Amino acid sequence: MKKFKIVTTMIVFSLLFVLSACGTSTTSGSGEKKTLRIVTDATYAPFEYQDKGEVVGFDVDFVKAVAKEAGYDVKVEHVGWDPLFVEIKGKTADAAISSITITDDRKQTYDFTIPYFLSKNEIMVPKKSDIKNAQDLKGKVIAVQNGTTGQDAVEALIGKNNNKLKKFESNNLAILELKGGGADAVVSDNTVIETYIKNNPKDNFKFIEDDTTFQKEFYGILLPKGSKLKADFDKAIKKVVENGTYEKIYKKWLNTKLDLKTLKEHQ
Ligand code: ARG
């Protein structure tokens, strides 16, 4: 009888052990983490671009750190700008990171994590250009990446469906248009423009800030509406900002001053 009791107890305990291991499979150290499929438009250095066939950049390191904190592995895949929204809407990917500005319009269709990066639009022109501010863009040919807040900002200035606005599938194509003389200016995110100018001095471009026209923007990780990842990711983002990991990644990819105060105020 005693022996029977011991055996039963052992069975019960091993069952409990197996069950508890199952329940925590995403966070346990068993190496059985779930791998999330994260999509991006890797044509936006220094946030996401391709280097020897690999997707790299600030966003890639950041989302890896956040996912690790939340107990997941990630695979970041380049799919392009318009396709990434299609994937998140159709829930064929778990999340997208691509310097995506949190906007009220996008919030109708998608969920976002709390903000992780402070940005604003900016103008890029040839050094010899007579454009000095956003108002000067009126009457000029402007190139933007289709479906970006850069497009929204220009449309707010010159109106929708203005044929002086040229829209491209990627920001790099918009820059090529400027380079080839097919446009007078490009409008896109400040960090991306300033990185391009620094890396391509021979193009002889300069950047123009205009804080009266271009508002503060915040990037968030894009999620399907109702995604269960939001709570985990938000918590993990706060942790990564608190514990210094964010600053380390920032310093690796960017040489501008980090304004953690403004970011934290909006988190
Ligand atoms: N921040 C801008 C937006 O959300 C542009 C982002 C473009 N990102 C990219 N990887 N091409 O509209």
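This structure is a prediction, so every number in the text was calculated from the model and none was measured. Start at 1 and go down the list; that is how both ligands and their atoms are numbered.
A donor-acceptor pair under 3.5 Å links the side-chain atoms of Q267 to the main chain of P115, judged by distance alone. In terms of modelled atom types and a separation under 3.5 Å, the side chain of T113 and the main chain of I221 share a donor-acceptor contact. Side-chain atoms of N200 never come within 3.5 Å of backbone atoms of K202 as a donor-acceptor pair (strictly under, hydrogens ignored).
Donor-acceptor pairing under 3.5 Å is lacking for the side chains of E77 and T40. In the model, S119 has no side-chain atom that pairs as donor or acceptor with a side-chain atom of E217 under 3.5 Å.
Taking only nitrogen or oxygen atoms, main chain and side chain alike, W81 does not reach within less than 3.5 Å of ligand 1. No N or O atom of Y219 sits closer than 3.5 Å to an N or O atom of ligand 1. At under 3.5 Å, a nitrogen or oxygen of S99, whether backbone or side chain, sits near a nitrogen or oxygen of ligand 1.
The ligand atoms of ligand 1 that sit less than 4.0 angstrom from a heavy atom of I100 are 4 (O). Remark: ligand 1 atoms within the under-4.0 Å shell around heavy atoms of D41 are 9 (C), 10 (N), 11 (N).
Classified by interplanar angle (parallel below 30°, tilted 30° to 60°, perpendicular above 60°), the ring pair Y250/Y246 is tilted.
Among S98, A45, G80, the residue whose heavy atom lies closest to atom 10 (N) of ligand 1 is S98.
The closest approach between a heavy atom of N171 and any atom of ligand 1 is not below 4.0 Å.
Scanning the protein for heavy atoms near atom 12 (O) of ligand 1, the closest one is T149 N, 2.8 Å.
In T148, the parts holding a heavy atom less than 4.0 Å from any atom of ligand 1 are both the side chain and the backbone. Using a 4.0 Å cut-off between heavy atoms, R106 contacts ligand 1 through its side chain alone, with no backbone atom that close.
Comment: K198 does not engage E194 in a salt bridge, judged by the lack of any side-chain N to carboxylate O separation of less than 4.0 angstrom.
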